[in-house]
Amino acid sequence: MLQFTNDNKSFTTDDSSIEIQEVLKNLNLDSKKNIAAKLNGELFDLSRVVNFGGAVEPVTADTEEGLEILRHSTAHLMAQAIENLYPGTHFGIGPAIKDGFYYDVDLNGAALTEEDLPKIESEMRKLSGKAEKITREDLSKEAALEFFKARNDPYKTELINEIDAPTVSIYKQGDYADLCRGPHVPDTSKIHNFKLLSLAGAYWRGNEKNKMLTRIYGTAFATPDELKNYLKRMEEAKLRDHRKLGRDLDLFSLHEEGPGFPFFHPKGMAIMNTLIDFWRREHIKRGYQEIKTPQILDRELWLKSGHWDHYRDNMYFTEIDEKPFAVKPMNCPGGILVYKTQLRSYRELPMRMAELGLVHRHERSGVLHGLMRVRCFTQDDAHIYCEPSQIRDEVIKIMDLDKYVYNDVFGFKYSVELSTRPENSMGSEEQWNAAENALREALESTNTPYHVNAGDGAFYGPKIDFHLEDCIGRTWQCGTIQLDFQLPERFEMTYIGEDGKEHRPVMLHRTILGSLERFLGILIEHYAGAFPYWIAPVQIKIIPVSNDHMQYAKELFDNFINAGLRVEVDYREEKLGRKIRDAQLQKIPYMLVIGDKELENKNISVRERSKGDLGSMSLDDFKNLLSQEFNPIH
RNA sequence: GCCGGCGUGGCUCAGUGGUAGAGCAGCGCACUCGUAAUGCGCAGGUCAACGGUUCAAAUCCGUUCGCCGGCUCCA
């Protein structure tokens, strides 16, 4: 006797070969919208025979789980279409991902281009129109291997060999068959609202030593409107691309003469400098001191630090007086030399030394991306030297600063990851365990949710990484906290303890913004170029109505400049509408219109970029208005 | 680095074998203007670079560089 329930409804049957869709029917849960079902929380195909009972519910494409199934099935449909159009294609993997799905295919040397995508799409629509049943079969591993060997599918057989279970499942629709855990929609007619998006190369199993396959990205949604909205969102995201806005707003530029080395224009620097002002004030408040160390240092230093062994491939080298030197890829070794200039006391610890260090790292040409991924960047670095017992509190203090900066000041969502010991690392197992535990303890004592990234730590120690989410939902690593027992050892760093004896300090490496360049890129996209007043490169644009008002405009300009504000005057002999439009396009927070009326009353007419005309007011009232603006520097 | 695509004035883009085009921006002139584009005129390009095919190359082929979308790697 099987019993199925849904809320307060229930259904019992003796039929141990019943399909879930029959169960749903008997519970009056049948619907054309159903694409799968959940039984005791586990997902099943609608046609799956179940010989056990439990809580059952239908799954539709408008839920997160349903959408994932739909997308996975769309990937299969695409593979089926490709097999029809390009016989002999071998298939890799084809999962659902965040905003859609992809399939990695091996076209036997044939190359696809973007123009081929509509052709594949229309084949998919044709197959969808046939409403072919999607069926599941459970096979022993041996039988499955036979099956895919017979189909000459090397990638699938490789996958089967690695599956650690006696049986595997395959899904079929028409002549197409795929190794797959499922579940899937019941037939291909459920798949309507999809679009193939782009092509890319992808190594088989993500390993660059393997063959490169062709990856086809696509997406699918429950309704046409959702698909349309998604595509529109992507278009809008393109409009806030920091590379486009960086040019339009005259913030920075990139040149062939320096691939990966960005050039900052006056307006980009205005933002950078405001960011740095903010950063300095906040660090002074929190007990940091600031240092600056050289760009190029003797190779011996990098041999000693371990960078030569572990980081050489990312470093630039040069020669001075026939002696080998390296351009610094990190600030730590230089900072340690500063620490070692004096005999240190336990009374000085924890010692927090910050450095806005410009580091150079050789990145492979294909990974460069605007300001987000460059070959030279300014780290808002700091090294904290402390006693082991102080680690936890110091980590908590850094996480507090992270929260303040990311959340309170910039309004970002962020997530936290703990990365543990990688291959090719320095130091002993015990040291690594102690270090990892210290970080874990700090996370847990503050109830911080985090993911573990096994094997992703730095070569000298484990780390906590902070990932910000940008407008397209991409995440970027900014802050990091890295615990290091290795460098203090290698550099024989010491402090004199309360007991009068020498002790070895522990070292924390940390950044908050990460890279100022990347952080600026993220800010541009986050605000779509409309920077908040406090950080806007031009805060106020003064717009004289005609030549008669230039003199008054200049007086106002001087007044604002003396008050430390970033202000410009539009001296062009253009119509007012034109000057307003241009200031709007530059996304300047405040526009001050100066004409006869203002000249006469010695006041100003204020326009705010999103609220529009605020009317006339006195200079004092306007300054009062400005003082109400969010400003973490004042 | 790898796979695919792309490279035409400052920007956005036309131009597929026969003497390089448009709009915007720039400059000049006129208009002196009240909350998102005034009009007219002028100037600006060895078509990424190098090599090849051809009577003739922006256009076809090759190499290099750079950029874009991914993979791998990372702040």
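- At least one side-chain nitrogen or oxygen of H369(A) sits closer than 4.0 Å to the OP1 or OP2 atom of rG69(B).
- OP1 or OP2 of rG70(B) has not a single side-chain nitrogen or oxygen of S198(A) nearer than 4.0 Å.
- Taking a 6.0 Å sphere around NZ of K292(A), one finds it holds 12 or fewer heavy atoms contributed by other residues, nucleotides or ligands.
- Two residues are said to be in side-chain contact when any heavy atoms from C-beta on lie closer than 4.5 Å; K328(A) and P294(A) fail this criterion.
- Using a 4.0 Å heavy-atom distance criterion, K611(A) is classed as making no nucleic acid contact.
- The shortest distance between side-chain heavy atoms of F622(A) and I540(A) falls below 4.5 Å.
- In this structure, of rG70(B), rC74(B), rG69(B), it is rG70(B) that holds the atom nearest to the side chain of Y217(A).
- With a 3.5 Å ceiling on both atom-pair distances, rC31(B) lacks any Watson-Crick or G-U wobble partner.
- Between the side chain of E573(A) and the base of rA30(B), no donor-acceptor pair of N or O atoms lies under 3.5 Å.
- Set against rU35(B), rG69(B), rU72(B), the side chain of R243(A) has rG69(B) as its closest nucleotide.
- Picking from rU32(B), rG1(B), rC74(B) the nucleotide with the shortest atom distance to the side chain of N547(A) gives rU32(B).
- Nearest-nucleotide positions on RNA chain B place S605(A) closer to the 5' end than the other of A200(A) and S605(A).
- Of all nucleotides listed (rG66(B), rG34(B), rA36(B)), rG66(B) comes nearest to the side chain of E256(A).
- Judged by closest nucleotide on RNA chain B, M212(A) is the one of R572(A) and M212(A) placed further toward the 5' end.
- In this structure rU53(B) sits in no base pair that meets the Watson-Crick or G-U test at under 3.5 Å.
- The base of rG70(B) does not come close enough to the side chain of Y203(A) for any donor and acceptor atom to sit less than 3.5 Å apart.
- Looking at the side chain of K575(A), the nearest of the listed nucleotides rG1(B), rU35(B), rU38(B) is rU38(B).
- At a threshold of 4.0 angstrom between heavy atoms, the contacts of T511(A) with the nucleic acid are absent.
- A 3.5 Å limit on both hydrogen-bonding distances identifies no Watson-Crick or G-U partner for rG44(B).
- For the pair W476(A) and rA75(B), the ring geometry does not qualify as stacking, because the centroid separation below 5.5 Å and plane angle under 30° are not jointly satisfied.
- Between rA75(B) and Q477(A), a contact under 4.0 Å exists linking OP1 or OP2 to a side-chain N or O.
- To the nearest whole angstrom, the two C1' atoms, one in rC13(B) and one in rG7(B), are 13 Å apart.
- Phosphate proximity of rG34(B) to R607(A): absent, as no side-chain N or O sits under 4.0 Å from OP1 or OP2.
- Across the strands present, rG69(B) finds its partner in rC3(B); the criterion is a Watson-Crick or G-U wobble pair with both atom distances under 3.5 angstrom.
- Side-chain to base pairing of R373(A) with rC73(B): one donor and one acceptor N or O lie within less than 3.5 Å of each other.
- As the counterpart of rC24(B), rG10(B) is assigned, both hydrogen-bonding distances of the Watson-Crick or G-U wobble pattern falling under 3.5 Å.
- Nucleic acid contact for V374(A): base, since at least one base atom lies under 4.0 Å from a heavy atom of the residue.
- For L368(A), the listed nucleotide lying nearest its side chain is rC67(B); candidates were rC67(B), rA75(B), rA36(B).
- Under 3.5 Å, the side chain of R578(A) and the base of rU38(B) form no donor-acceptor pair of N or O atoms.
- Counting non-hydrogen atoms under 4.0 angstrom, L213(A) reaches nothing in the nucleic acid.
- Contact annotation: side chain of E114(A) to base of rG69(B), donor-acceptor pair absent below 3.5 Å.
- If you check rG1(B), rC33(B), rC74(B) against the side chain of R361(A), the one that comes closest is rC74(B).
- Across every strand in view, rU16(B) sits unpaired, with no contact that passes the Watson-Crick or G-U test at under 3.5 angstrom.
- Between K244(A) and rC11(B), a side-chain N or O to OP1/OP2 separation shorter than 4.0 Å is absent.
- Aromatic ring centres of Y316(A) and H362(A): separated by under 6.0 Å.
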